[in-house]
Amino acid sequence: MILKGFILPFIATFFIALFILTMQFLWVWVDDLVGKGVGVLIILELLFYLLLSFFPIAFPIAVLLSSVMLMGGYAERYELSSMTSSGLSLLRIMKPLIMLSVFIACLSFGFSNYLWPVANLKYKSRLLDIKNQKPTLSIQKGVFNRDFAGYVIKVDDKESDGKTIKGVMIYDNQRQLDKINLITAKTGEMFSEPNDNLFVMRLYNGHQYQEITPQGGNNSKYPFVRMNFKEYTKVFDMSQFDFNRTDENLYKSHQTMMSLRQLKTSVDSIDKRMNNSLALINSSVFNSINSKYSNVDRNFENNQSQNLDRQYFPKRDVESMAKLKKEKLGIERDEVIPTSTNELISSGQRNMNNVGAQELFILNSFDPKKPLFNQINNKYRLATTNLAISLSNSTLSTIELQNNIYAAELDSRIRHIFEMNMKFAYSIICIVFLFIGAPMGAIVRKGGFGYPLLVAIIFYMIFQVLYTMMKKSADSQVVEAWLAPWIPVITMSIIGFFVTRRAMSDGSMNLEILIKAIGKIFEKISEGYYQITEFLLKYLKFNK
């Protein structure tokens, strides 16, 4: 009897929830769906997949509302009092409902894991196709029409037959936007060729004005062509108004379109890419430092030249650089002169930008354990400093690039982990809502549809607001991604525990007092949440 009284309201409220969720979607996207000339079958396909994608959301709503209706009706008709007076506890009465809610939770998980990804992929790709679809061709009198790419069409008047037109103007800006290419006509007719997918405008008694790009380099004069015609036919391709389906493989990598197994595989791949980014960051830093020290050490031992290109000397210090090179090497300007015996290199000559490894240092020794800068000759510290800055900037750009890649991968990993846990959370909440709805029905002792609907709206609103807050907290890395979907479930479980305990003690509750108490609790939770979030964000920013 209890199951029979629960199943019928459950089915009814389930489809009501689907209807409300679908209408909410249509109110948001109605402007993008209307006037596109899309066939009825495409719209029905979109709505079908949309309804399937709402199944995991509608299951908890239906369980909550139908359980309040069932137990509230029993309490209102004193049937629940008769059961409890005969020695049956509330949990014993709810036992069939608990078993059914477990089955509904498993069914919800199956939909979330297998049907939801496919439905999301189908309906979102269809929605994108419709959004990208150009509106149906509609040439109205006195209105500039831009439906055809590269053309602007204006018709002063259109007869009732929808074919005869007057005062036609067609502006063609396909090739050059800054050149005039205009067609005008007193009268004409327009019609379509469905077999060839063409739109034809046959114009009478008009002119064509065209500005032509001159040949050669003189752009001061532009040839202008004016042509009169008695009849002129302009043909437009209608294929751009055809409905094109998007390749669904482009969106299969999104986390909302993956099953649990695919999400785990994707998280493993993301972890590997994050580790590669960290390895590249470490290698770019250490390789730059180690290669520079090893080059200096090797050049010193082999008495080879160390490159100090003039680009590392600031422009304001060019004269100082020339003076230093003249004093040290006897080089003036960019000329190349023979070197001394001690400075001899394999070619017998040296470019002015190269300095001997030994003369680069103050002492005739290089100690890798000491700071490199303190060992450099004062005359070359300016260039070596700029060289070090250049190497640091190059390394920094590599680090920033890999850091951006790492941050993007981390955000993707958070969304994937959140989606994995959300599939389980939406299933468990079906059981939790039963322990809220059934006791609340026994407490308020109101059946029908009015009071149960109000109770269901209150508790589902609390759950949905907490879910949205936790999702944003996970995206901003305030709360762990695996924990965020479970916090609303844990919160509702605590509420369900106290409500069930209250109902088992045969307690009653004024609904108005309950609403005010829940409102105050929710207000305090919201204030505390934003204060904690603000504190954590400031703390993380300070530590960075």
Side-chain angles (χ1 to χ4, degrees), residues 1-10 13 59-106 108 425-464 466 486-522 524-525:
M1 183 183 71
I2 294 178
L3 288 179
K4 184 178 179 180
F6 179 84
I7 291 175
L8 291 178
F10 173 79
T13 54
F59 278 126
I61 299 175
V63 170
L64 177 61
L65 183 55
S66 57
S67 60
V68 178
M69 292 174 62
L70 175 65
M71 302 305 291
Y74 283 166
E76 187 178 19
R77 297 188 298 268
Y78 298 102
E79 296 180 22
L80 186 61
S81 299
S82 301
M83 295 179 189
T84 54
S85 61
S86 63
L88 295 175
S89 65
L90 181 63
L91 290 179
R92 180 68 181 274
I93 298 171
M94 291 174 55
K95 186 176 180 180
L97 300 181
I98 295 172
M99 297 175 63
L100 182 59
S101 65
V102 171
F103 172 76
I104 294 173
C106 296
S108 176
Y426 260 105
S427 302
I428 300 300
I429 198 64
C430 295
I431 303 173
V432 174
F433 274 162
L434 177 67
F435 285 93
I436 293 177
M440 282 302 301
I443 291 173
V444 298
R445 297 176 182 178
K446 293 290 184 179
F449 196 76
Y451 272 95
L453 180 61
L454 181 59
V455 173
I457 289 174
I458 292 173
F459 285 101
Y460 186 77
M461 181 187 67
I462 295 173
F463 169 75
Q464 193 61 40
L466 287 174
W486 293 106
I487 291 179
V489 178
I490 295 171
T491 304
M492 301 309 296
S493 300
I494 295 173
I495 295 175
F497 172 76
F498 286 106
V499 171
T500 304
R501 185 178 178 182
R502 174 83 175 183
M504 291 179 66
S505 61
D506 293 330
S508 61
M509 185 179 298
N510 191 322
L511 193 59
E512 295 181 359
I513 298 176
L514 173 65
I515 294 173
K516 292 181 180 179
I518 292 176
K520 290 182 180 180
I521 293 172
F522 182 72
K524 295 294 183 181
I525 291 174

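For this chain, numbers begin at 1 and follow the sequence in order.
Heavy atoms of other residues, nucleotides or ligands lying less than 6.0 angstrom from CZ of Arg92 number 12 at most.
Two residues are said to be in side-chain contact when any heavy atoms from C-beta on lie closer than 4.5 Å; Ser108 and Ser427 meet this criterion. Within the 4.5 Å cutoff, the side chain of Thr13 has no heavy atoms near those of the Leu64 side chain. Annotation: side chain of Met71 is in contact with side chain of Ile93 (closest heavy-atom distance under 4.5 Å).
Taking both residues in full, the closest heavy atoms of Ile98 and Ser101 are given as O-OG, 2.7 Å, listed atom of the first, atom of the second, then distance. Of all non-hydrogen atoms in Ile61 and Tyr460, the two that sit nearest each other are CG1-CE1, 3.5 Å. Of all heavy-atom pairs between Tyr426 and Pro60, the closest is O-CG, 4.0 Å. Summarising the geometry of Ala503 relative to Leu90, their closest heavy-atom pair is CB-CD2, 3.5 Å, with the distance given to 0.1 Å. Among all heavy-atom pairs drawn from Met492 and Phe459, the shortest one is CE-O, 3.6 Å. Closest non-hydrogen pair, Pro452 versus Met69, comes out as CB-CG, 3.5 Å.
Atoms OG and CH2, on Ser493 and Trp486 in that order, are 9.0 Å from each other to the nearest 0.5 Å. Between Met461 atom CE and Leu466 atom CG the span is 10.0 Å, to the nearest 0.5 Å. To the nearest 0.5 Å, atom CD1 of residue Ile495 and atom OG1 of residue Thr500 are 11.5 Å apart. Separation of atoms OG1 (Thr491) and CZ (Phe463) is listed at 10.0 Å; rounding is to 0.5 Å.
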Per-pair distances, 0.1 Å, donor-acceptor, side chain in residues 432-439, under 3.5 Å, sequence neighbours excluded:
none

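Note on ring orientation: taking the six-membered ring where Trp is involved, the planes of Phe6 and Phe10 are parallel (angle under 30°, cut-offs 30° and 60°).
Listed by chain and number, the residues in a side chain to side chain contact (heavy atoms under 4.5 Å, CB included) with Ile457 are Leu453 (sequence neighbours excluded).
Paired with Ile104 under the rule side chain to side chain contact (heavy atoms under 4.5 Å, CB included), one option of Val63, Ile431, Leu97 passes, and it is Val63.
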